> 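Please see the structure below; I have some questions.
Keep in mind that what you see is a predicted model, and the values were worked out from it rather than measured. Both backbone and side-chain heavy atoms feed into the values below; hydrogens, waters and symmetry mates do not. Below, chains carry the letters A, B, ... as their sequence lines are ordered, and counting in each starts from 1.
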4 protein chains.
Amino acid sequence: MTTRKNSTAAPPKAKRATASGSASERRDHLVKLAAEIFARKGFQATTVREIANEAGILSGSLYHHFDSKETIVDEVLSTFLDDLIARYRAALESGGEPRAVLSEMVRIGFGTLEPHRAAITVMQNDWNYLRQFPRFNYLVKAEDDVEQMWVKQIKAGQGAGQFRADVDPKLTYRMIRDTIWVAVRWFRPGGRLNTTGLAEHYITVLFDGLATGERSTQPKA
Amino acid sequence: MTTRKNSTAAPPKAKRATASGSASERRDHLVKLAAEIFARKGFQATTVREIANEAGILSGSLYHHFDSKETIVDEVLSTFLDDLIARYRAALESGGEPRAVLSEMVRIGFGTLEPHRAAITVMQNDWNYLRQFPRFNYLVKAEDDVEQMWVKQIKAGQGAGQFRADVDPKLTYRMIRDTIWVAVRWFRPGGRLNTTGLAEHYITVLFDGLATGERSTQPKA
Amino acid sequence: MTTRKNSTAAPPKAKRATASGSASERRDHLVKLAAEIFARKGFQATTVREIANEAGILSGSLYHHFDSKETIVDEVLSTFLDDLIARYRAALESGGEPRAVLSEMVRIGFGTLEPHRAAITVMQNDWNYLRQFPRFNYLVKAEDDVEQMWVKQIKAGQGAGQFRADVDPKLTYRMIRDTIWVAVRWFRPGGRLNTTGLAEHYITVLFDGLATGERSTQPKA
Amino acid sequence: MTTRKNSTAAPPKAKRATASGSASERRDHLVKLAAEIFARKGFQATTVREIANEAGILSGSLYHHFDSKETIVDEVLSTFLDDLIARYRAALESGGEPRAVLSEMVRIGFGTLEPHRAAITVMQNDWNYLRQFPRFNYLVKAEDDVEQMWVKQIKAGQGAGQFRADVDPKLTYRMIRDTIWVAVRWFRPGGRLNTTGLAEHYITVLFDGLATGERSTQPKA
DNA sequence: AATGAATGAGGCTTCATTCAT
DNA sequence: TATGAATGAAGCCTCATTCAT
C-alpha cells in the first residue's frame with residue numbers, strides 16, 4: 001500500500017536510501033513526477049491522486065510538501081524559466097556579434113527541449129489556463145524579459161547589416177520562439193535528429209531561407 | 001422560459017417545415033458560442049453551464065442539441081478541418097509550380113487565422129487532451145493528410161531545384177505549420193499587420209532567410 | 001434512494017404535491033431542515049451530507065439551491081433577524097411609555113424562543129465563528145441596530161423617572177439581551193412555563209428585583 | 001528543530017530529575033495556549049497545528065503531551081470547573097445568611113471572568129458540541145452540582161423571607177447564571193467597569209430591580 | 001521531547017448528464 | 001425546446017493522528 005513503484009526490484013536498504021535524502025530532494029522528486037503527468041494529460045486533467053499514486057503515497061500526503069496543486073505546477077514552470085533566462089543571459093554576456101549570439105540563443109532554445117520537455121509542454125498547453133490566476137503573473141513578466149533579449153539582438157543585427165531590415169523584429173522573434181517551443185509537441189529523443197541537429201537545421205533555414213539561388217527580395221537597408 | 005408544451009399535438013413533419021429552417025442554424029450558433037469560450041478558457045475549464053448561459057438557456061437544455069460536451073468541440077474542430085483541407089486541395093489542384101503552391105498554402109494557413117481563430121486555438125491548446133479519446137482519432141487522420149500535401153510539395157520543390165536539398169521535408173513542414181498556427185496565440189486583428197501581411201512577411205523569411213548577403217551554406221543538390 | 005422520509009406513509013399523489021410547490025418553498029424547507037441540524041450539532045460539525053440526507057437528496061444536489069454551506073446558515077440567521085427587528089420596530093412605533101415598551105420588547109424576545117429556536121441557537125453557538133467571514137458583517141450591523149433600540153428606551157425610562165438612574169443603560173441592555181437569548185439553551189416547550197410565563201417571570205424580577213421589602217439602594221435621580 | 005538525538009544515551013531517571021521539574025509546567029503552558037485559541041476560534045475550528053505553532057513545535061509533537069485534542073480541551077474545562085466549585089463551596093461554608101451568600105456567589109461568578117475568560121468562552125460556545133461525547137459527561141455532573149448550590153440558597157432566602165416567594169428558584173438560578181457567564185462575550189478588561197463593578201451593578205438590579213418607586217407586584221409569602 | 005513524513009477519513013464543492021414536466 | 005431538480009462521480013484539500021528516527 002505504500003511503496004508501489006520499484007518495490008520488488010531493489011533491496012530494502014537501497015529503498016531506504018532513496019526514500020530519505022535531503023528534505024528538498026523529496027520535494028524535487030515529486031515535482032518531477034508531477035511535471036511528467038501534467039505534460040502528458042494537461043494540468044487540469046491531472047488529479048492530485050494521480051501524482052500521489054505515482055509517488056506511492058496518498059493524495060493528502062502531497063499537502064505535506066505543497067500548498068496546492070497550483071504550487072506544484074508553479075515550481076515546474078519557474079524552475080524551467082529560471083534556467084532558461086540564466087542561459088540566455090550568459091549568451092548575451094558573451095558579447096559576440098548579433099548573428100552569432102542569435103544562433104546561440106536558438107541553440108539554447110532547442111537545447112532545453114530535452115531537459116525541460118515536460119515544463120515546456122505544460123507551458124505550451126496550459127499557459128492559457130494558468131495565466132488567469134494572479135499567482136502566475138510572474139510568468140508574463142518572464143516572457144517579456146525574454147522577448148526584450150531577443151528583440152534587442154535582432155535589432156542589433158539589423159543595425160549591423162547582418163539581418164535584412166525589412167522584417168519586423170518583434171514579429172520575427174515570435175515566429176522563432178514559437179517554432180522552437182512548439183517542437184516539443186512532436187520531438188522525441190532517439191529520432192532522426194537530436195536537438196542539436198534540429199537547431200542547426202533551423203538556423204540554416206532561418207538565416208538563409210528555403211529557396212536556392214538569388215534572393216528574390218533584397219533588404220532595403 | 002418560452003414554449004413549453006407543443007410536443008405531442010402537432011405532427012412532427014409540419015412542425016419542422018414551419019418552425020424549422022433554423023433547426024441547424026440554432027445548432028451552429030451554439031457551436032460558435034461554445035468555440036469562443038473553449039478558446040478563451042480551454043475545453044476542460046469551460047463548463048456546459050457557461051455555454052448555456054451565453055446562449056441564454058439552462059445547461060440541461062443544451063442536451064437537446066448535443067449528446068455531450070465532446071460532441072460540441074468535435075463540431076468546432078471538424079468544421080475547421082473540413083474547410084482547411086478543402087482550401088488546400090484547391091491550391092494543389094491549381095497545378096502551379098511548387099514554390100508558388102507552397103506560397104499559396106502558407107497564405108491559406110494564415111488566412112484561416114481570423115475566420116477560424118477559436119477553432120485553431122482550441123486545437124492548439126486542447127489537442128493533447130482530446131486526442132486521448134477514440135472519437136477524435138479522425139483528427140490524427142486529418143493531420144496526416146495535411147502533412148502529406150505539404151511534404152509532397154516540398155519534395156517536388158527540391159526535385160525541381162527550387163528548394164535547397166539539404167533540409168528535411170517533414171521537419172521543414174512541421175516548422176512551417178507550427179509557425180503559422182501558433183501565431184493564433186498572439187495575433188489580434190487590427191494590429192500592425194493583418195494576416196495577409198503576416199503571410200507575406202513569413203514567406204519572405206521562409207524562402208530567403210533572415211540574413212543579408214551571400215548564403216553561408218549552399219544546397220547540396 | 002430518492003425519497004427517504006415520509007415515503008411509505010403518504011400516497012404517491014400527496015408526495016408529488018409536497019415535492020413540488022413554489023420554487024422558494026423547496027428552498028425554505030431545506031433551510032428549515034438545515035437550521036435544526038445546525039442548532040443540534042453546531043454549524044461546523046454539521047456536514048452538507050447530513051443536511052442533504054435529511055432532505056432525501058444527495059449532497060451535491062444542495063448546490064442547486066445554495067451556493068455554499070455558508071449561504072444556508074446565512075438564510076437561517078437573516079430570516080430570524082429580519083423578523084425580530086420588524087417586531088421590535090412595531091413595538092417602538094406603538095409609542096407607549098418606556099416601561100411598557102420595554103416590557104413588550106422583553107415579551108417579543110422570549111416570544112421568538114419557540115418559532116426561532118434553531119436560529120437563536122445557531123446565533124448563540126456559532127456567532128463567534130461566523131463573524132470572522134466578511135459575508136456576515138451585516139450581522140454585526142443588525143446587532144448594533146437592536147442595541148440602539150433598547151438603549152434608547154432604557155434612557156427614556158430613566159429620563160421619565162421610571163427606571164433607576166444609577167444603572168448603565170448599555171450594560172443593562174446586554175444583561176437583558178443575554179438573559180433572554182441564552183434561555184434557548186435550556187428552554188424546552190412543554191415544561192412548567194411557556195415562553196409567555198418566562199417573559200412575565202423575568203419582567204417581574206427585572207423591574208422589581210428579587211428582594212422583598214424596602215429597596216436597599218435608592219436611585220440617585 | 002532543536003535537540004534531536006538524546007533518547008537512547010542518558011538514563012531516563014537522571015534526565016527527568018535534571019531537565020524536568022517542568023514536566024507538568026510545560027503541559028500547563030500548552031493547555032493555556034490552547035485555551036486562548038479555542039476561545040478565539042472555537043474548538044472545532046482550532047487545529048492542533050495552530051496550537052503547536054503557537055507553542056513553537058510541530059503538531060505531531062503535541063501528542064507526546066496529550067492523547068488527543070479532546071484531552072486538551074478537557075483539561076481546560078475541568079481546571080476551570082474545579083476552581084469554580086471550590087470557591088462556591090467556600091462561600092457556602094462561611095454560613096452567612098442567604099442574601100449575603102448569594103451576593104458572594106454572584107461576585108465569585110463575575111470574579112472568574114478574567115482569570116478563566118478562555119475556559120468560560122469555550123464552555124459557552126462549544127458546550128453544545130462537546131457534550132455529545134461521553135468523556136464530557138462529568139461536565140453535566142458538575143453543572144448539576146453547581147445548580148443545587150444556587151437553588152438551595154435561593155430557596156433558603158425565600159424561606160427566610162428575604163427573597164420574593166413568587167419566583168421559581170431553578171428558573172431564577174438559570175437566569176442569574178446565564179447573565180453572568182454570557183458576559184464573557186462582551187466583557188473586556190480595561191473598559192468602564194471591572195468585574196467587581198459589574199458584579200455590584202448586577203447585584204443591585206438583581207435584588208432591587210430596574211424600576212423606581214413602589215414594587216408593582218408583591219411577594220405572596 | 002521533538003521531527004517530518006505519512007495515513008485515512010472525511011469535508012465542501014463542481015460538473016456533465018438525466019429526466020419528468 | 002426548454003426548465004428545474006436531481007444524480008453520481010469525482011476533485012481538491014484539511015486535519016487529527018501515528019510512527020520511525
> Using a 4.0 Å heavy-atom cut-off across all strands, classify Thr46(D) as base, sugar-phosphate, or nothing.
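Sugar-phosphate, backbone atoms only, no base.
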> Figure out the CD/P separation between Gln44(C) and dC12(E), and round it to whole Å.
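My rounded result for the distance is 10 Å.
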> Give the nucleotide from the list dG4(E), dG8(F), dT3(F) with an atom nearest to the side chain of Leu58(C).
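The closest nucleotide is dG8(F).
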> For Arg49(C) and for Leu30(D), find the nucleotide of DNA chain E with the closest heavy atom, then tell me which residue's nucleotide is more 5'.
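The answer here is Leu30(D).
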> Can you tell me how far NZ of Lys41(C) sits from CD of Gln132(D), rounded to the nearest 0.5 angstrom?
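It comes to 6.0 Å.
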> What integer distance in Å separates Asn53(B):CG from dT3(F):P?
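Interatomic distance, CG of Asn53(B) to P of dT3(F): 11 Å.
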> Okay, side chain of Glu54(D), backbone of Ala34(D): is any donor-acceptor separation there less than 3.5 Å?
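No: the side chain of Glu54(D) does not pair with the backbone of Ala34(D).
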> Where each residue is assigned the nucleotide of DNA chain F containing its nearest heavy atom, which of Ser68(D) and Ser59(A) is assigned the position nearer the 5′ end?
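Between the two, 5'-proximity favours Ser59(A).
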> Can you tell me if Arg26(C) touches the phosphate of dA6(F), counting only side-chain N or O atoms and a distance under 4.0 Å to OP1 or OP2?
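So the side chain of Arg26(C) is within the cut-off, an N or O lying under 4.0 Å from OP1 or OP2 of dA6(F).
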> Write down the partner of dT14(F) under the Watson-Crick or G-U wobble criteria, each distance required to be under 3.5 Å.
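Because both required distances fall under 3.5 Å, dT14(F) counts as paired with dA9(E).
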> Just how far, in rounded Å, is C1' of dC15(E) from CD1 of Ile51(B)?
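Going from Ile51(B) (CD1) to dC15(E) (C1'), I get 12 Å.
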> Have Tyr129(C) and Asp126(D) got a donor and an acceptor in their side chains that come within less than 3.5 Å?
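No donor-acceptor contact under 3.5 Å links the two side chains.
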> Roughly, in whole Å, what's the span from CG in Asp28(C) to P in dA5(F)?
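Nearest whole value for this atom pair: 13 Å.
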> Can you tell me the distance, in whole Å, between the CD atom of Glu25(D) and the P atom of dA1(E)?
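Interatomic distance, CD of Glu25(D) to P of dA1(E): 12 Å.
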> In this structure, how many angstroms lie between the P atom of dT3(E) and the NE2 atom of His64(A), rounded?
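The distance from NE2 of His64(A) to P of dT3(E) comes to 12 Å, rounded to the nearest Å.
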> Given Val31(C) and Thr79(C), is the side-chain contact (heavy atoms from CB on, under 4.5 Å) satisfied, shown in steps?
CA-CA 10 Å; Val31(C) 169; Thr79(C) 298; 5.5 Å; no
> Which of these nucleotides, dT14(F), dT17(F), dT13(E), is closest to any side-chain atom of Glu70(C)?
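Of all the options, the side chain of Glu70(C) is nearest to dT13(E).
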> Hey, is the side chain of Tyr63(A) poking within less than 4.0 Å of OP1 or OP2 on dT14(F), counting only N and O atoms?
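No, because none of the side-chain N or O atoms of Tyr63(A) sits under 4.0 Å from OP1 or OP2 of dT14(F).
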> Among dT13(E), dT3(F), dT7(E), find the nucleotide with the atom closest to the side chain of Ile57(A).
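The nucleotide sitting nearest to the side chain is dT7(E).
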> My understanding is that a pair needs two contacts under 3.5 Å, Watson-Crick or G-U wobble. By that rule, which nucleotide pairs with dT18(E)?
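The base-pairing partner of dT18(E), which may sit in any strand shown, is dA5(F).
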> Could you go step by step and tell me if Thr71(C) and Arg135(C) meet the side chain to side chain donor-acceptor pair (under 3.5 Å) rule?
CA-CA 9 Å; Thr71(C) 298; Arg135(C) 80 170 294 164; 3.2 Å; yes
> Between His65(B) (NE2) and dT1(F) (C1'), how many Å, whole number?
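Taking atom C1' of dT1(F) as the reference, NE2 of His65(B) is at 6 Å.
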> Rounding to an integer number of Å, can you tell me how far Leu62(D) CG sits from dA2(E) P?
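One finds 9 Å between P of dA2(E) and CG of Leu62(D), rounded.
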> Is it true that a side-chain atom of Lys69(D) and a backbone atom of Phe43(D) form a donor plus acceptor pair closer than 3.5 Å?
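Judged by distance alone, yes, a pair lies under 3.5 Å.
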> Considering only dG4(F), dA16(E), dA2(E), which nucleotide approaches the side chain of Lys69(B) most closely?
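Given the options dG4(F), dA16(E), dA2(E), the side chain of Lys69(B) is closest to dA16(E).
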> Would you kindly compare Thr47(C) and Gly60(C) by the position of their nearest DNA chain E nucleotide and give the one closer to the 5′ end?
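Going by which nucleotide is closer to the 5' end, it is Thr47(C).
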> Kindly point out which of dT17(E), dG4(E), dT3(E) is positioned nearest to the side chain of Ser61(D)?
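Ranking dT17(E), dG4(E), dT3(E) by closest atom to the Ser61(D) side chain puts dT3(E) first.
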> Compare the minimum distances between each of dC13(F), dA5(E), dT17(E) and the side chain of Val48(B), then state the nucleotide with the smallest one.
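The answer is dT17(E), which lies nearest to the side chain.
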